[in-house]
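Beneath this line is the structure, given in structure tokens, with notes to follow.
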Amino acid sequence: MTDSLFHEVHGTYFTIVRTLLSKQQTLTVKELECLIKEQGFDETAFQLLPSLTNQRTPWYLLKEETIDHWSPITQNKTPLINTNIERRWLKTLINDPRLLFFLDKAEIAELQQQLIHVEPLFDLEAVTYYDQFNQVDSLVEQKQQHAHFKQLLAAINTEQPVKIEYQRRPNIPSKKALFLPVKLEYSQKNNLFRLRAWRLLRNSRFEVTLNLNRMLTVHSAKATRKYLELPITARRRQAQMTCILVDKRKALERSMLHFADYNKSTQRLDDTRYQLTIHYDLGDETELLIRLLSFGPFITVTSPTEFVAKIKERVDAQAQLLDNF
């Protein structure tokens, strides 16, 4: 197979034929037409079906068992075909160390063996991140983080609580508490996995975000009641910031995607300028700062003054780094 980005095996006709060949029972012409229309167009059946049922065409793949009942002429299951460029992309993903959060070393080694003669699409070390926060004070080794990730994923799937020992910073004592995991997510800006969960109290619950590199221990716990019926208390400190956005180089469109996970409001000021107000949790302030800085001169933070000062500190620090480069 060639290194074609848009290969014919991913086209509509190949997809439809693979679906038809996967059926284990005979089908009538009407049933075949319905299946073809589901994945194609109204006229696809008129073009494709005669070729599949005519022995004189290269696409002959359906034989008539009885009157108006057709079945595949193939005996084996239709294989899933990967193009060369897909194999190279898979080889690139296998080299990503973050894959260990989802697969163990034996599974990755088996995939490496299957793709031993395939060159990666690109070298991961060739990618440079300019707006990513480097985690230099991780309290938990990667191997332990992998184990905790799988424990938490199992707890999410079974809706079971867990006891987590968590240490926010190296210079403060760790704490143990009961949590109900909700979802695991990856922060591109912080380059780490984190857990969204409910912190469970005796008579209430509140939402928290815990980084995996701060979890010292994770243990399964027994569910003693319906935790999602507990009343919610507001323990997360909320804040908001306002900025002026200049809509150049699709800055407005990018901001809608960049800040999609925040509660925000947008007000048009003139043809090119917009006022953007973002509500956020104080625990996510560092990530929000990094996201705003990625817009460069197209965003100007106007309030509050404390947030403006933090933006200036980061800009000054970056300028100093460039001067010393």
Side-chain angles (χ1 to χ4, degrees), residues 3 5 80 82-158 162-170 174 179 181-197 208-220 257-258 260-261 283-291 293-294 314 318 321 325:
D3 282 337
L5 183 60
L80 180 63
N82 300 118
T83 62
N84 286 338
I85 199 167
E86 286 178 315
R87 293 170 183 263
R88 295 181 64 192
W89 172 244
L90 289 173
K91 186 63 173 284
T92 304
L93 293 181
I94 290 173
N95 293 334
D96 192 327
R98 289 169 294 189
L99 192 62
L100 284 167
F101 282 96
F102 305 94
L103 303 176
D104 56 37
K105 290 185 177 180
E107 292 172 319
I108 294 177
E110 182 180 350
L111 292 173
Q112 289 277 17
Q113 183 62 33
Q114 294 178 9
L115 300 172
I116 190 171
H117 299 299
V118 178
E119 289 292 327
L121 192 60
F122 60 87
D123 187 355
L124 292 172
E125 295 181 356
V127 180
T128 302
Y129 297 94
Y130 290 99
D131 58 349
Q132 190 175 82
F133 183 75
N134 292 323
Q135 294 291 335
V136 296
D137 57 346
S138 179
L139 303 178
V140 182
E141 295 182 355
Q142 283 289 320
K143 185 177 181 180
Q144 192 65 23
Q145 291 186 47
H146 300 156
H148 290 166
F149 184 94
K150 292 171 183 176
Q151 285 179 273
L152 294 169
L153 185 59
I156 292 171
N157 291 331
T158 57
V162 292
K163 287 185 178 179
I164 299 176
E165 182 180 3
Y166 194 77
Q167 188 172 6
R168 293 192 176 278
R169 289 185 292 275
S174 62
F179 299 89
V182 177
K183 68 176 180 178
L184 286 160
E185 60 185 20
Y186 174 73
S187 171
Q188 180 69 45
K189 301 297 180 181
N190 288 299
N191 188 27
L192 53 77
F193 285 94
R194 58 194 185 188
L195 173 72
R196 298 279 188 178
V208 295
T209 301
L210 305 176
N211 294 337
L212 253 70
N213 67 342
R214 298 288 193 271
M215 296 181 189
L216 303 184
T217 60
V218 177
H219 297 289
S220 300
L257 295 173
H258 235 54
D261 52 337
D284 297 331
E285 188 170 72
T286 300
E287 179 166 350
L288 179 59
L289 282 166
I290 296 173
R291 293 194 192 187
L293 288 170
S294 68
R314 285 186 169 265
Q318 291 179 3
L321 287 174
F325 184 71

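What you are looking at is a predicted structure, and each value in this text was computed from that prediction instead of being measured.
Residues forming a side chain to side chain contact (heavy atoms under 4.5 Å, CB included) with Phe122 (at least two apart in sequence, or on another chain): Trp89, Thr92, Leu124, Val127. Gln142 is linked by a side chain to side chain contact (heavy atoms under 4.5 Å, CB included) to Phe101, Gln145, His146, counting only residues two or more places apart in sequence or in another chain. For the side chain to side chain contact (heavy atoms under 4.5 Å, CB included) test, residues two or more places apart in sequence or in another chain that qualify with Leu90 are Leu115. For Arg291, the salt bridge (charged side-chain N to carboxylate O under 4.0 Å, His left out) partners two or more places apart in sequence, or in a different chain, are Asp261, Glu287. Scanning for side chain to side chain donor-acceptor pair (under 3.5 Å) contacts around Gln144 gives His148, with sequence neighbours left out. Residues meeting the side chain to side chain contact (heavy atoms under 4.5 Å, CB included) test with Lys183, sequence neighbours left out: Glu185, Arg196. Take Gln151 and apply the side chain to side chain donor-acceptor pair (under 3.5 Å) test, not counting sequence neighbours, and it matches no residue. Legend: residues meeting side chain to side chain donor-acceptor pair (under 3.5 Å) with Ser220, ordered by chain and number and at least two apart, are absent.
Within the structure, the side chain to side chain donor-acceptor pair (under 3.5 Å) test picks out no pair touching residues 113-122 (sequence neighbours left out).
With values rounded to the nearest 0.5 angstrom, Leu93 atom CG is found 10.5 Å from Leu111 atom CG. The CG atom of Asp96 sits 9.5 Å away from the CD1 atom of Ile108 when rounded to the nearest 0.5 Å.
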Ile164 and Leu152: CA distance, side-chain angles, deciding distance, side-chain contact (heavy atoms from CB on, under 4.5 Å) verdict:
CA-CA 10 Å; Ile164 299 176; Leu152 294 169; 4.2 Å; yes
Could you walk me through whether Met215 and Gln167 pass the side-chain contact (heavy atoms from CB on, under 4.5 Å) check?
CA-CA 7 Å; Met215 296 181 189; Gln167 188 172 6; over 6 Å; no
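Ring geometry, Tyr186 versus Phe193: the interplanar angle falls from 30° to 60°, so the pair is classed tilted.
Pairing each heavy atom of Pro181 with each of Ala197, the nearest pair is CA-CB, 3.8 Å. When every heavy atom of Val182 is checked against every heavy atom of Leu195, the shortest pair comes out as N-CD1, 4.5 Å.
Around atom NZ of Lys150, more than 12 heavy atoms belonging to other residues, nucleotides or ligands sit under 6.0 Å away.
Judged by distance alone, with hydrogens and angles left aside, the side-chain atoms of Glu107 form a donor-acceptor pair with the main-chain N or O of Asp104 at under 3.5 Å. A donor-acceptor pair under 3.5 Å is absent between the side-chain atoms of Arg214 and the main chain of Tyr166, judged by distance alone.
With contacts defined as side-chain heavy-atom distances shorter than 4.5 Å, the pair Asn211/Arg168 does not qualify. Using a 4.5 Å cut-off on side-chain heavy atoms (C-beta onward), Lys91 and Leu121 make no contact.
Of the candidates Val140, Leu192, Leu184, Leu212 forms a side chain to side chain contact (heavy atoms under 4.5 Å, CB included) with just one, namely Leu184.
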